[in-house]
2 protein chains.
Amino acid sequence: MASRRGGEGKDTGTLGKAVAVLETVALSDRPMRFTDVLAASGQPRGTLHRQLSHLLREGLLELGPDHAYVPGLRLLKLASAAWARNELRAVAAPFLEALHRETGETVHLGVLRGREIIYLDKVESRQAVRMNSQIGNASPVYCTGVGKAALSVLDAPALEAVLSGLEFRRFTPQTLADRAALEAELAEIRREGVAFDREEHEPGIRCVAAPVHDGGRDLVAAVSVTGPAYRVGPERLAEWAPHVRAAAAAVMGELVFRLGPQR
Amino acid sequence: MASRRGGEGKDTGTLGKAVAVLETVALSDRPMRFTDVLAASGQPRGTLHRQLSHLLREGLLELGPDHAYVPGLRLLKLASAAWARNELRAVAAPFLEALHRETGETVHLGVLRGREIIYLDKVESRQAVRMNSQIGNASPVYCTGVGKAALSVLDAPALEAVLSGLEFRRFTPQTLADRAALEAELAEIRREGVAFDREEHEPGIRCVAAPVHDGGRDLVAAVSVTGPAYRVGPERLAEWAPHVRAAAAAVMGELVFRLGPQR
DNA sequence: AAACTCAATTCCATATAATGGAACTCTGGA
DNA sequence: TCCAGAGTTCCATTATATGGAATTGAGTTT
């Protein structure tokens with residue numbers, strides 16, 4: 001038998017390895033040349049070379065200047081479909097719009113995906129800034145309003161699964177930087193039904209979020225309103241809280257209605 | 001060198017087959033259940049089942065209600081990186097903004113990708129409508145301003161490669177629905193340096209576009225301004241043309257500067 | 001320019017994973 | 001309850017991926 005990697009539960013064969021390489025290249029913040037990928041992936045030269053050339057030919061990677069591999073545009077096309085056809089997004093859209101009208105600030109929809117939050121949609125406050133700068137972006141669960149709200153509705157085993165693998169990093173002085181602090185806050189969030197982000201992820205950015213789930217277990221998400229600290233004080237956050245909670249509840253209601261009461 | 005087999009150009013092994021399945025599912029407009037994919041892919045049951053289960057486990061597909069396969073959120077995360085790190089997009093962004101300020105209408109950036117145009121960025125006219133509804137979307141080359149502008153800068157063999165495989169479909173009464181009409185128009189576009197879309201793709205939508213390329217041959221794109229026919233007449237299109245041309249030229253200049261004069 | 005170095009690419013015997021036909025199970029409707 | 005169609009699993013066979021080593025290529029120094 002082949003040697004099993006410790007803790008690795010999924011068997012996705014050749015595809016899995018190729019996707020791992022793709023992700024390595026795509027999520028790197030610097031362009032990677034062949035040797036860089038070689039070092040990062042730990043695979044033999046010949047193998048890696050073939051994987052990269054397949055990814056290139058499939059348009060999932062592209063070759064930039066100076067032999068640098070960059071993520072390919074075919075990913076955009078595929079993701080565009082994923083976004084357009086996502087049911088949660090479609091259900092939530094009108095409620096996000098409404099929430100934006102009520103508050104005048106930026107509204108986000110994020111879903112829990114493993115140990116991180118992926119932003120599924122947003123409604124911008126002012127003019128169309130660099131828009132989908134956020135959509136598809138992954139953020140930590142423990143220091144975003146959306147993340148904490150999502151965690152607050154997990155049952156014990158699911159929460160444990162997330163928490164046990166978390167690596168905390170302090171982004172600002174307010175960041176909850178250890179598990180105990182996070183768990184204490186989650187208890188508070190469960191009581192209130194809303195989560196706050198008081199400049200815990202980005203300095204100068206505050207937000208209120210409320211959880212959305214589908215009654216079953218697989219879909220966990222959250223809705224939030226975000227604004228700059230200079231115009232969003234604690235009282236403003238408190239004022240928004242019921243609106244956010246109501247929006248989340250409305251999304252949830254519609255979701256359950258659409259998918260049927262039980263899975 | 002091995003002689004090339006007729007028709008089969010790419011050898012991407014197992015990955016290629018898996019991606020083909022992924023694309024089938026992702027680009028379908030209806031949810032597909034196992035049997036639907038089976039019919040569409042033409043592969044044996046066992047094989048397809050394994051491919052799908054690998055795609056599921058990798059998060060590239062997800063299982064929706066009623067055993068329906070839908071594109072997975074991992075695609076969003078990957079595409080977000082592709083978008084953020086795309087050099088053309090980064091270079092063009094400020095010029096798109098400027099063009100938007102000059103015209104007050106929606107501005108697009110699209111790149112030629114095989115036989116279709118993929119929208120890379122857009123700056124919305126009014127409030128943030130359903131925003132990236134477009135980004136990543138693929139549109140036909142022959143009936144969009146961006147598409148025709150892009151085609152106009154291809155050299156003969158590259159153009160032939162695109163045209164020979166095109167399947168024309170009439171979207172509106174104005175659609176150029178055959179190769180001869182398209183080629184005639186391309187000649188005109190080459191003279192003028194701009195392409196017009198006079199409700200050829202969507203009724204009520206007009207646009208002006210100008211081509212962007214990198215001097216070499218691999219990057220071909222276009223910039224456009226789009227508006228509703230009721231407030232965009234022929235004279236308005238003509239008025240915008242020089243602005244669009246200038247924006248495209250500016251993007252091209254910056255691009256060549258960044259990448260170096262020759263590849 | 002020639003020589004040198006490090007990166008990228010190709011090769012090929014072997015190991016491993018994909019294949020696909022058939023049997024099995026599950027689910028929901030009559 | 002039985003049936004039919006969908007979805008899932010099995011496993012001997014075959015095709016594909018693997019990976020170490022040799023080759024080519026690109027960029028730099030003497």
Side-chain angles (χ1 to χ4, degrees), chain A residues 1-5 8-22 24-25 28 30-58 60-70 216 218 259-263, chain B residues 1-5 8-22 24-25 28 30-58 60-70 216 218 259-263:
Chain A
M1 279 295 141
S3 61
R4 280 193 331 172
R5 304 271 171 65
E8 199 54 51
K10 64 182 180 186
D11 165 30
T12 50
T14 305
L15 175 68
K17 295 171 198 166
V19 175
V21 169
L22 172 59
T24 301
V25 173
S28 150
R30 352 202 65 268
M32 295 179 93
R33 294 200 320 296
F34 182 83
T35 331
D36 303 319
V37 188
L38 185 62
S41 77
Q43 292 196 88
R45 302 181 94 74
T47 299
L48 181 67
H49 188 267
R50 182 181 31 76
Q51 290 168 334
L52 285 171
S53 83
H54 285 179
L55 287 167
L56 280 182
R57 266 181 288 198
E58 284 296 331
L60 299 174
L61 286 179
E62 288 173 19
L63 213 35
D66 194 37
H67 280 268
Y69 291 91
V70 293
D218 42 354
L259 301 179
Q262 276 308 70
R263 60 198 308 270
Chain B
M1 289 300 156
S3 61
R4 284 195 325 177
R5 306 279 167 64
E8 197 53 48
K10 66 181 178 184
D11 165 31
T12 51
T14 305
L15 176 68
K17 295 170 198 165
V19 175
V21 169
L22 172 60
T24 301
V25 174
S28 151
R30 350 204 64 268
M32 296 179 92
R33 297 203 319 297
F34 181 84
T35 332
D36 303 318
V37 187
L38 184 63
S41 77
Q43 293 197 86
R45 301 177 95 74
T47 300
L48 180 66
H49 189 265
R50 182 180 31 76
Q51 290 168 334
L52 286 171
S53 82
H54 285 178
L55 288 167
L56 280 182
R57 266 181 288 201
E58 284 296 331
L60 299 175
L61 285 179
E62 289 173 20
L63 211 36
D66 195 38
H67 281 268
Y69 291 92
V70 292
D218 43 353
L259 301 178
Q262 277 310 70
R263 62 197 308 272

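Note on naming: letters A, B, ... go to the chains in the order of the sequence lines (proteins, then strands), and numbering restarts at 1 for each one.
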Quiz item: For A:Glu58, what residues pass the salt bridge (charged side-chain N to carboxylate O under 4.0 Å, His left out) criterion, not counting sequence neighbours?
Solution: A:Arg74, B:Lys10
Quiz item: Does the side chain of A:Thr14 get closer than 4.0 angstrom to OP1 or OP2 of C:dT16 through an N or O atom?
Solution: no
Quiz item: What distance do A:His54 atom NE2 and A:Leu60 atom CG have between them, rounded to the nearest 0.5 Å?
Solution: 12.0 Å
Self-check item: For B:Leu38, side chain to side chain contact (heavy atoms under 4.5 Å, CB included) partners two or more places apart
Solution: B:Phe34, B:Arg45, B:Leu48
Quiz item: Contact boundaries of DNA chain D with chain A (under 4.0 Å, heavy atoms), 5' to 3'?
Solution: D:dA17 to D:dG20
Quiz item: With a 4.5 Å limit on heavy-atom distance, are the side chains of A:Lys17 and A:Thr47 in contact?
Solution: no
Quiz item: For the residue pair A:Val25 and A:Tyr69, what are the closest heavy atoms and their distance?
Solution: CG1-O, 3.5 Å
Quiz item: Are A:Val21 and A:Gln43 side-chain neighbours, meaning at least one heavy-atom pair lies under 4.5 Å?
Solution: yes
Practice problem: Could you summarise the pairing of DNA chain D as dot-bracket text, marking Watson-Crick and G-U pairs under 3.5 Å with ( ) or [ ] inside the strand and | across strands? | Solution: ||||||||||||||||||||||||||||||
Quiz item: Rounded to the nearest 0.5 Å, how far apart are CZ of B:Arg50 and CG of A:Leu15?
Solution: 10.0 Å
Quiz item: Between A:Met32 and A:Thr24, is a side-chain contact (heavy atoms from CB on, under 4.5 Å) present by the stated rule, with each step listed?
Solution: CA-CA 9 Å; A:Met32 295 179 93; A:Thr24 301; 4.0 Å; yes
Practice problem: Using the closest heavy atom to pick a nucleotide of DNA chain C for each, name whichever of A:Tyr69 or A:Lys17 lands nearer the 5' end. | Solution: A:Tyr69
Quiz item: Going by heavy atoms in the side chains, are B:Val19 and B:Thr12 under 4.5 Å from each other?
Solution: no
Practice problem: Determine the minimum heavy-atom distance between B:Gly64 and B:Val70, stating which atoms define it. | Solution: N-CG2, 4.4 Å
Quiz item: Which ones in residues 45-52 of chain B lie close to DNA chain D, meaning a heavy atom under 4.0 Å from one of its atoms?
Solution: B:Arg45, B:Gly46, B:His49
Practice problem: Check the distance between C:dA18's P and A:His54's NE2 and give it to me in whole angstrom. | Solution: 14 Å
Exercise. Round to a whole Å and report the spacing from CG of B:Asp11 to P of C:dT10.
Key: 13 Å
Self-check item: Min side-chain heavy-atom separation B:Asp36-B:Arg33 under 4.5 Å
Solution: yes
Self-check item: Contacting residues from residues 31-44 of chain A, given that a heavy atom lies under 4.0 angstrom of DNA chain C
Solution: A:Arg33, A:Phe34, A:Thr35
Quiz item: What's the shortest heavy-atom distance between B:Leu22 and B:Leu55, and which atoms?
Solution: N-CD1, 4.0 Å
